[in-house]
Amino acid sequence: MELRNTKYSSSSLFRSVDWVMVLLYAILMVCGAISIYAASYDYDHASMFDLSEFSGKQFLWMGISIVVGMSILIIDRRFFETYAYPIYAIVVLLMIVTIFVAPDIKGSRSWIVLGPMSLQPAEFGKFATALALAKLFSGYNFVLNKSFKNYLKAIFIIVIPIVLILLQKETGSALVYTSLAFVLFREGMSGMVLFAGLCAIAFFVIVVKYAGDVVMGITVGEMAVFIIIMVLMVGMLMFYCKSYRVGRNIAIGFASCGAIAFILSLFEISINGMIFFLSLICAAVIYMIIAMLHEKMKKILITMAFVMMSVAYVFSVNYVFNDVLEPYQQMRIKVSLGLEEDLRGAGYNVNQSKIAIGSGGVTGKGFLNGTQTKLKYVPEQHTDFIFCTIGEEQGFVGTTFVLIMFLALILRIIHIAERQRTAFGRVYAYCVASYMMFHIGINIGMVVGLCPVIGIPLPLFSYGGSALLAFSIQLFILLKIDSARKEFGN
Amino acid sequence: MRKDYKLEKRKYVIGGFIVVIVLIFIIRLFELQVCDSKYKQYADSNAFLRKTVYPSRGLIYDRNGELIVYNQPAYDVMMIPRDVQPFDTLDFCNTLQISRAEFDQRMRDLRENPSYSSYSQQTFMTHLSAKDYGRLQEKLYRFPGFFIQKRILRQYNHLAGANFLGNIREVNSRDIERDDYYRPGDYTGDLGIEKSYEYALRGEKGMEILIRDAYGKIQGRYDGGRQDIKAISGKSLTLGIDIELQEYGEKLMQNKIGAIVAIEPSTGEILAMVSSPTYDPTLLVGRERGKNYRELVRNKYKPLYDRSIMAAYPPGSTFKPTQGLIFEQEGIIDVNTLYPCYHGYINGGLRVGCHGHESPIALRAALRTSCNAFFCWGFKNMIDRRSKYGSSSAAFEVWKNHLVSMGYGYKLGVDLPGESRGFIPNSAFYDKIYGKNRWSANTIISVAIGQGEVLATPLQIANLCATIANRGYFITPHIVKAIEGDTLPSMYMEKRFPTVDRSYYDNIVEGMRMAVMAGTCRNARFGDVAVCGKTGTAQNPHGRDHSAFMGFAPMDNPKIAICVYVENAGFGATYGVPIGGLMMEKYLTGKISPERKYLEQRMLESNTIMSSGVKKH
């Protein structure tokens, strides 16, 4: 009886594992290992499996990852759900310990050295947080939007690792957790939050990028953002609040004031731009308060809050940029916005990385023929800048292939998420998808010069055992949870 | 569990988000990898260090295989500003033995150079001594961005012939514009055959493609060196010059201003080409070149001015053989035609003086005595013979064309830069001065005796002598006898025949033989060699007469034809004849006979530079 049961369950495991995801995982990991071999290839050391070389070590880590992954598959399916909080607690504890025992490596205190290996607990914080968040949402009758307390609980789980990782001086890894906003969105958080987040990024970029030119007492960046805020205000009133009349009146007011200001400027009567825009927006807000007396209150209130917070945000951008960010961070942002070149400093990596990728052309220079990476022109070529090696040696064909594989993996995870019958499985899967999206978006964005340099690895590609193991664990837990979905219904 | 279908639709928002991001990345990658090709060049310029390999320049030998010019390696310190990283400047300066101020000055000069580019190699310092080179080579790894370029310098076994050898200099921006073979810092020939045979001497530059890593360390050769281009050494030149004769000529001409040109008549090869005063060719080698060059340019005796081919002198009486040939050809005289000479040519109120000799006189005797009157009469009979030519102008054109065919009035085409064409007027020239048909033979009678408007270079005079020695043809004179692995331009192999019948030349040869035996050129006699010669004494506006001589020997099967021209030295017989005679004796017998040593001594000790027209500053 016992025997039959085991046999049945193992064959069912074989049938119920999502082989598409396994295949995508395998393809990406093999491509990653080959890239590391190419990136660290040295004319003197030609063996791919030499353990003293990066590629050899990475093969070792691949083996460990697969063994750990297989073990996860044979663990009882209820294990992760049952022990989600203890696992989270252990990892959090490990992260706290790390802050105190980790040696300082290039300003970061995130590594625990265990003999020949070093581990980065922050990498394991991701799946632990995902499990804890999934556990929270799987609670009986837990609905995110039901109470504000539920939000606080979710945010609490997310913020703890962020704070701990920031204390380890790993800003990049900490930022990864912000991607969990997608999970909250999927579970009912208002789309306005995501929208506001996008606006915040856009406003930041515009204000910083066009901070140099001043027209009529206001920078071009600020002026552009104010105009965008005004357009959004009118749009929200008309289409979100459905207060067509109010929106129209404000639009007419803005347009006529703008026209008057323009005519005055023709007669060389200059108006202080800052006062002009602020008073326009104030007038609109006052008008909205009056309108609220006999219109749909709540949505207009949200619009008003959005407008006022946006204005406050614009004023804080310069402060944050100049006084909160470190000078090297400011420089990285300026480089990515094209404000500075700094080819010897902050811009060096990105410039060499663009040269490496750009020189690959359509079909690339061929395996092991990349000069930029072989001759060490691209720093961190086997870790954060591993994508350069693919770009240089495999060309546009190779980079597009890798991107499409990643896209397929993420879409597959979303597909798996949506077929889960439990909130636990779904939330966990979305967490994994979000991490993946963030890592790929930021890492490749950085390598092709679209994002500022933020040191986070490319999943399954970048050299580093912790990251590979952590991503493998994330994916194998998902495989395990997914493989059990049918049993649950029985 | 109840499914919330409204929330499930949010998967499209999240999925759409990542699809958009991936699309943006693919567009960006398309832009970087497919649209823009500049990154390929950047990557190549990062990884490949293209190092020029300089070929060794062709060597120069004299006609007897004696090595005259060869190469010596020199080392230049080069830098690529972009690659220079902070380094210990003090250590660098000490290694090169320069001061800090000098270092700063050099860096400033580099940057102010219009061809400065931080990506291309710049010459920081040239011509390092072997010792400094060794010291720097050891420490070079400490100074990233700097490297050593091996160059060649010219070295001379004989300090003679600077005027035709020329030298090499760094290319300027005009050279680079004209010929894209050159890069800043390259060398090219300047003056002389170094310039005119630059294409053969320079060879072909090669290139080594080295692989360089991000730290500037060389990792090896690209593709195992299979893509490298080997440098091809320049071709060596063998000159017609006899370097010993050249040295001897320069010695005889010391303290004199003037030129000697000696030609082997049968080949047109130039045996010696002296321009005096001359200079030590090693002055224009190495780091001091610029300074020395400026000094030579400023020197009032103009040593850089190659008088043998650039100076146009009145040929004086050396011109008379051309007249004899033309008159015979035109049927104005025959060998027995007699003209009177009563101490000169007296006609139409005009008198051209002459010295005492028998009268009337025929062609050969006129050459022997250098009789002015004979050639004036001949000239008058030709130019004013309207029955034959119609007008003086027409007759003069015939006269001029004969001279042009003998190599006068135009560049001969010697293989050296800067040759002068001399001057032979045409009838239009006189029409302009005197008016059309307002002039006749007597108006311009002095050209008959090589005075007045006619001017010739010593090379043209020597070439005339070679033509006479050959009895009626010449080969365009040339310095270079053979180019290694190449053939001479055909113009230096072909005979050129003047428009005078070859049968008339024997009379001229006999006249010139008589001038040596019993006439004006007696000092040119040596041993039992049959020497032929003609003196020239040219009046000029700069002071004393120029002393000129042309001659060849032996009379039959001549081996050498020579022209000597000494400025402001008086009669042709005083300097021209002895120097010409000694040169021929030296060349034909290899030594100077004891009974003529006194002559040699006199020439070596004499100084005519004092009476030259050069103003004292």
The reported gap from OG in A:S359 to CD in B:Q33 (rounded to nearest 0.5 angstrom) is 8.5 Å
Please report the interatomic distance CD1(B:I21) to CD1(A:I444), rounded to the nearest 0.5 Å.
10.5 Å
Within the supplied structure, the quantity of interest is the number of heavy atoms (other residues, nucleotides, ligands) at a distance under 6.0 Å from A:Y240 OH; does it exceed 12?
yes
Strictly distance-based, threshold 3.5 Å: is any side-chain N or O of B:E8 a donor or acceptor partner for the main-chain N or O of A:E418?
no
Structural part of A:Q352 lying under 4.5 Å from a heavy atom of chain B
side chain
Measure distances from B:V19 to the heavy atoms of chain A and classify the residue's part below 4.5 Å as side chain, backbone, both or neither.
both
Atom pair NZ (A:K365) and NZ (B:K40), whose distance is rounded to the nearest 0.5 Å:
5.0 Å
Could you check if a side-chain atom of B:F30 sits within less than 4.5 angstrom of a side-chain atom of A:T400, using non-hydrogen atoms only?
no
What parts of residues 409-416 of chain A touch chain B if we use heavy atoms and a cut-off under 4.5 Å?
A:I410, A:L411, A:I414
B:I26 and A:F396 have their tightest heavy-atom pair at O-CE1, 3.6 Å
Part of residues 383-391 of chain A lying next to chain B, heavy-atom separation under 4.5 Å
A:F387, A:G391
So, the side chain of A:R186 versus the backbone of B:K11: is there a donor-acceptor pair under 3.5 Å, distance only?
no
Separation between OG1 (A:T399) and CZ (B:F25), nearest 0.5 Å, reads 11.5 Å
Inspect the surroundings of NZ in A:K146 and state if more than 12 heavy atoms from other residues, nucleotides or ligands are less than 6.0 Å away.
yes
Could you walk me through whether A:L450 and B:R28 pass the side chain to side chain contact (heavy atoms under 4.5 Å, CB included) check?
CA-CA 9 Å; A:L450 291 175; B:R28 171 67 166 176; 3.9 Å; yes
How long is the gap from CZ on B:F17 to CE on A:M437, to the nearest 0.5 Å?
5.5 Å
How long is the gap from OG1 on A:T371 to CZ on B:R212, to the nearest 0.5 Å?
11.0 Å
Using non-hydrogen atoms and a 4.5 Å limit, figure out which bit of A:F406 sits close to chain B: side chain, backbone, both or neither.
neither
Could you tell me which portion of B:I18 (side chain, backbone, both or neither) has an atom closer than 4.5 angstrom to a non-hydrogen atom of chain A?
both
Which one, A:G395, A:G191, A:G364, leads in non-hydrogen pairs under 4.5 Å with chain B?
A:G395
Look at the side chain of A:Y377 and the backbone N and O of B:N46, then say whether any donor-acceptor pair between them is shorter than 3.5 Å.
yes
Look at the side chain of B:R10 and the backbone N and O of A:F185, then say whether any donor-acceptor pair between them is shorter than 3.5 Å.
yes
Does atom CZ (B:F87) have a neighbourhood of more than 12 heavy atoms from anything else shown, all under 6.0 Å?
yes
